There are 4 protein chains.
Amino acid sequence: MDNKKEIILKAAIKVFASQGFFGARTREIAKAANLSEGTIYNYFENKEDLLKEIFESIWKNLIPELESKMKMIKNPDDRVDHLLTTTLNLFDTNRELAKVFLIELKKSKTLMMDSGYRLIQDIVRLIRGVLVEGMELGVYRKDLDLNIEPLILYGSVEGILTWWALDDKEVPDFSLKQAKDVLMKGYFRLVR
Amino acid sequence: MDNKKEIILKAAIKVFASQGFFGARTREIAKAANLSEGTIYNYFENKEDLLKEIFESIWKNLIPELESKMKMIKNPDDRVDHLLTTTLNLFDTNRELAKVFLIELKKSKTLMMDSGYRLIQDIVRLIRGVLVEGMELGVYRKDLDLNIEPLILYGSVEGILTWWALDDKEVPDFSLKQAKDVLMKGYFRLVR
Amino acid sequence: MDNKKEIILKAAIKVFASQGFFGARTREIAKAANLSEGTIYNYFENKEDLLKEIFESIWKNLIPELESKMKMIKNPDDRVDHLLTTTLNLFDTNRELAKVFLIELKKSKTLMMDSGYRLIQDIVRLIRGVLVEGMELGVYRKDLDLNIEPLILYGSVEGILTWWALDDKEVPDFSLKQAKDVLMKGYFRLVR
Amino acid sequence: MDNKKEIILKAAIKVFASQGFFGARTREIAKAANLSEGTIYNYFENKEDLLKEIFESIWKNLIPELESKMKMIKNPDDRVDHLLTTTLNLFDTNRELAKVFLIELKKSKTLMMDSGYRLIQDIVRLIRGVLVEGMELGVYRKDLDLNIEPLILYGSVEGILTWWALDDKEVPDFSLKQAKDVLMKGYFRLVR
DNA sequence: AATGAATGAGTATTCATTCAT
DNA sequence: TATGAATGAATACTCATTCAT
């Protein structure tokens with residue numbers, strides 16, 4: 001059953017989120033999945049592979065999907081709206097996933113340097129594309145810095161998500177819905 | 001000699017930056033400090049304590065200094081300028097320190113939840129204070145979201161710094177000086 | 001079908017010979033036999049049992065056969081000739097079997113102490129019997145050491161076989177046929 | 001202290017001899033050496049390294065020593081006498097060492113193919129040299145088979161030693177002193 | 001204070017064996 | 001009988017920390 005891979009991944013997300021990658025014990029992941037330790041190794045190479053697959057199961061779909069959507073949406077503002085909505089929605093129902101994505105990922109040197117860094121590059125490239133076209137269409141300012149401006153947008157979102165994910169109150173200080181509205185408003189001011 | 005503590009901390013920053021916290025070996029830190037492993041333990045409790053002291057040696061000074069400066073500077077824009085300048089200057093000459101601060105720190109669960117989270121809180125509070133006063137003075141928009149807007153500024157800076165620190169080219173894609181200018185321009189548009 | 005037992009034993013000999021007993025994986029034996037792992041356990045107790053049955057499938061027949069032949073052959077020299085011919089022929093067409101017999105067998109403590117040791121005892125006893133009768137018949141020297149002389153013969157053969165089996169060249173340095181002739185010549189000089 | 005390496009090696013010989021290489025537990029070796037497990041790894045790479053060093057500590061000295069002695073002794077018979085005496089003496093006081101050397105060694109595939117096989121080659125070469133010179137001097141038969149005759153001598157000795165080492169009686173069936181005399185007598189008959 | 005040899009708790013991973021289908 | 005997914009006991013090795021010198 002491919003089902004089993006998903007069961008294990010879900011268990012791993014849970015344990016990684018609460019214990020951290022290095023603090024997570026394979027035994028605990030197995031227990032959380034209601035399986036034996038050995039079974040994990042029938043489906044995954046090793047512990048790091050778990051983290052990698054969590055990451056890639058999301059990323060592998062996310063980027064191509066966003067890219068194709070960018071082609072369909074013409075209005076630059078709507079594009080950014082879509083980028084934000086999609087990204088924030090992804091984590092909105094799963095703060096544990098957000099923790100693993102935003103924090104645990106960085107603990108694996110190889111993963112961060114391989115996949116993680118590439119993800120940021122992809123996203124930054126996506127944003128840059130939107131800005132460029134917005135500038136060409138004349139709806140955005142001509143003097144946007146294409147190196148730094150995308151990082152500002154990316155960093156804003158990561159900062160907000162990290163804060164929201166780490167917030168240990170049952171209900172965070174703000175909702176991601178709220179955050180999106182503020183981000184959009186800020187974005188409009190930034191680029192026009 | 002307090003000198004020796006600094007020697008060890010410098011060695012630790014170097015090793016943490018290149019190997020990561022979990023990948024760093026005390027033996028290597030000792031070698032980098034030209035000391036024996038045992039000596040480290042005359043000055044620090046344990047490995048995590050090293051990370052903590054790296055963090056606090058910076059933070060303990062930074063926040064009070066910024067706070068006092070905030071009292072001396074009256075113009076909200078100048079305040080933000082100072083916040084950015086100080087923060088970016090801190091890392092500009094030491095990318096290794098930036099890596100440890102921005103990435104390694106998050107690997108220590110307790111440190112992140114204790115000190116790291118508190119640092120963000122302090123900074124966010126600082127920024128919020130600046131915004132509040134700017135609004136009261138009538139130079140900033142009245143409708144700033146005081147929960148989220150500070151995170152946007154904080155996140156922007158962290159995003160830029162992380163990208164800049166992880167960049168494995170000898171000379172990064174952009175200078176922090178450049179970044180500051182763009183950040184300030186964006187900030188003006190955001191808050192007015 | 002008893003057929004299947006043989007298929008598995010042949011697969012086991014192949015894998016034991018190339019990977020060694022401890023290096024052999026049941027999965028690989030199963031694959032070599034074109035069967036699933038579970039099926040092996042329908043025919044054999046466990047991994048060591050495979051080694052034991054390889055050994056006994058040979059030995060169980062070999063010793064009684066040799067013993068009965070010894071009764072039929074009267075001339076002591078012919079007896080030794082038969083012992084050598086039979087033993088060397090057994091392995092001549094199957095170097096893999098020789099490896100398993102001469103080397104892998106020793107890796108199983110219980111097997112070696114149980115069956116292996118007993119095999120040597122049986123063979124040594126056989127040789128001793130031949131020598132005794134040769135002495136009684138007056139064709140062999142009277143002063144043969146009945147403790148050690150049989151071991152010399154046994155050891156000579158094992159030494160030659162081991163060297164021949166381990167030789168990693170496609171064609172070994174010498175043939176077992178050659179070896180037999182030299183052994184016989186040496187034997188004549190030894191006992192007369 | 002270099003002493004500690006020896007202590008560990010002695011403990012390893014004891015445990016390897018009684019439990020076999022694969023059956024030996026590092027914990028037990030540590031206990032036998034009155035040290036902690038970790039200490040073993042300060043002096044040896046890993047478990048196989050222990051076996052290797054046991055082997056090489058003997059071999060590294062034995063072969064060069066024998067070679068130089070062969071140059072000093074002129075009489076071929078005396079040379080063989082020395083080879084036998086030295087080899088048998090080496091194990092006479094240490095049956096455990098004999099077990100490790102003759103049996104455990106073969107369990108390590110790499111060790112056996114690397115060092116073990118080379119040892120046999122060295123010894124066989126040594127014997128062959130003696131035979132060649134004996135033939136040239138006219139004291140040995142001209143028709144000795146230089147491929148197989150050395151293996152007969154080597155195998156005889158290994159056969160005798162193995163039997164003697166495996167013998168689980170407190171006092172073995174025969175002494176190595178006795179064995180040497182019989183081997184020499186057999187040797188004379190073989191080569192003349 | 002400094003050393004670095006000794007410590008030993010801690011854990012990912014393997015793989016022979018089982019058993020539900 | 002045959003399967004092969006699931007099991008989980010078993011263990012070599014690491015490395016932060018200690019402590020006798």
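Letters go in sequence order (proteins before strands), and every chain restarts at 1. As the structure is a computational prediction, the values presented were derived from the model and not from experiment. Hydrogens, waters and symmetry mates play no part in the numbers below; they use all other heavy atoms, side chains included.
Residue D:R25 has its side chain nearest to F:dT11 when only F:dT11, E:dA12, E:dA6 are considered. In this structure, the nucleotide among E:dT13, F:dT18, F:dT3 sitting nearest to the side chain of C:T39 is F:dT3.
Rounded to whole angstrom, the span from the NZ atom of B:K5 across to the C1' atom of E:dA2 amounts to 17 Å. F:dA6 atom C1' lies 13 Å from atom CD1 of A:I7, rounded to whole Å. A straight line from CD of D:E48 to P of F:dC13 spans 10 Å, rounded to a whole angstrom. Distance, B:Y41 OH to F:dC19 C1': 13 Å, rounded to whole Å. Nucleotide E:dT14 holds its P atom 15 Å from the NZ atom of A:K47, rounded to whole Å. Residue C:D49 contributes atom CG, which lies 15 Å from atom P of E:dA16 at whole-angstrom precision. The separation between C:F22 atom CZ and F:dT11 atom C1' is 14 Å, rounded to whole Å. Across the protein-nucleic acid pair, D:F44 atom CZ and F:dA12 atom P stand 16 Å apart, rounded to whole Å.
Listed pair B:Y43 / E:dA2 meets the phosphate criterion, a side-chain N or O lying under 4.0 Å from OP1 or OP2. Distances shown here put every side-chain N or O of A:T26 at or beyond 4.0 Å from the OP1 or OP2 atom of E:dT11. Between D:K4 and E:dA6, a side-chain N or O to OP1/OP2 separation shorter than 4.0 Å is present.
Every residue two or more places apart in sequence or in another chain that forms a side chain to side chain donor-acceptor pair (under 3.5 Å) with D:E158 is listed here: D:K106, D:Y154. Residues meeting the side-chain contact (heavy atoms from CB on, under 4.5 Å) test with D:N42, sequence neighbours left out: none. Residues that satisfy the side-chain contact (heavy atoms from CB on, under 4.5 Å) test with D:I58, not counting sequence neighbours, are D:L90, D:L97, D:F101. Shown here are the side-chain contact (heavy atoms from CB on, under 4.5 Å) partners of C:R27, two or more places apart in sequence or in another chain: C:E37.
Using a 4.0 Å heavy-atom distance criterion, A:R27 is classed as making no nucleic acid contact.
Under the side-chain contact (heavy atoms from CB on, under 4.5 Å) test applied with A:F44, the options A:I29, A:T39, A:L50, A:L51 reduce to a single match, A:L50.
Between D:E45 and D:K52 there is no salt bridge, since none of the side-chain N atoms of the basic residue sits less than 4.0 Å from a carboxylate O of the acidic one.
Across C:A30 and C:S36, no two heavy atoms sit closer than the pair CB-C, 3.7 Å.
Within residues 28-37 of chain B, the residues having any heavy atom under 4.0 Å from DNA chain E are, by residue number, B:L35, B:S36.
In this structure, the side chain of C:E96 does not engage the main chain of C:K14 through any donor-acceptor pair within 3.5 Å.
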Could you write out DNA chain E as dot-bracket? Rules: Watson-Crick or G-U wobble, both distances under 3.5 Å, brackets [ ] for crossings, | for pairs with another strand, dot for unpaired. .||||||||||||||||||||
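B:N34 is not listed as a side-chain neighbour of B:I7, based on a closest heavy-atom distance of 4.5 Å or more. For the pair A:E28 and A:Q19, the minimum side-chain heavy-atom distance is below 4.5 Å.
Two residues, B:G38 and A:N42, neighbour DNA chain E, and the one matched to the more 5' nucleotide by heavy-atom proximity is B:G38. Nearest-nucleotide positions on DNA chain F for B:N46 and D:A24 put D:A24 closer to the 5' end. Each of C:E45 and B:I40 was matched to the nucleotide of DNA chain E holding its nearest heavy atom; the match closer to the 5' end belongs to B:I40.
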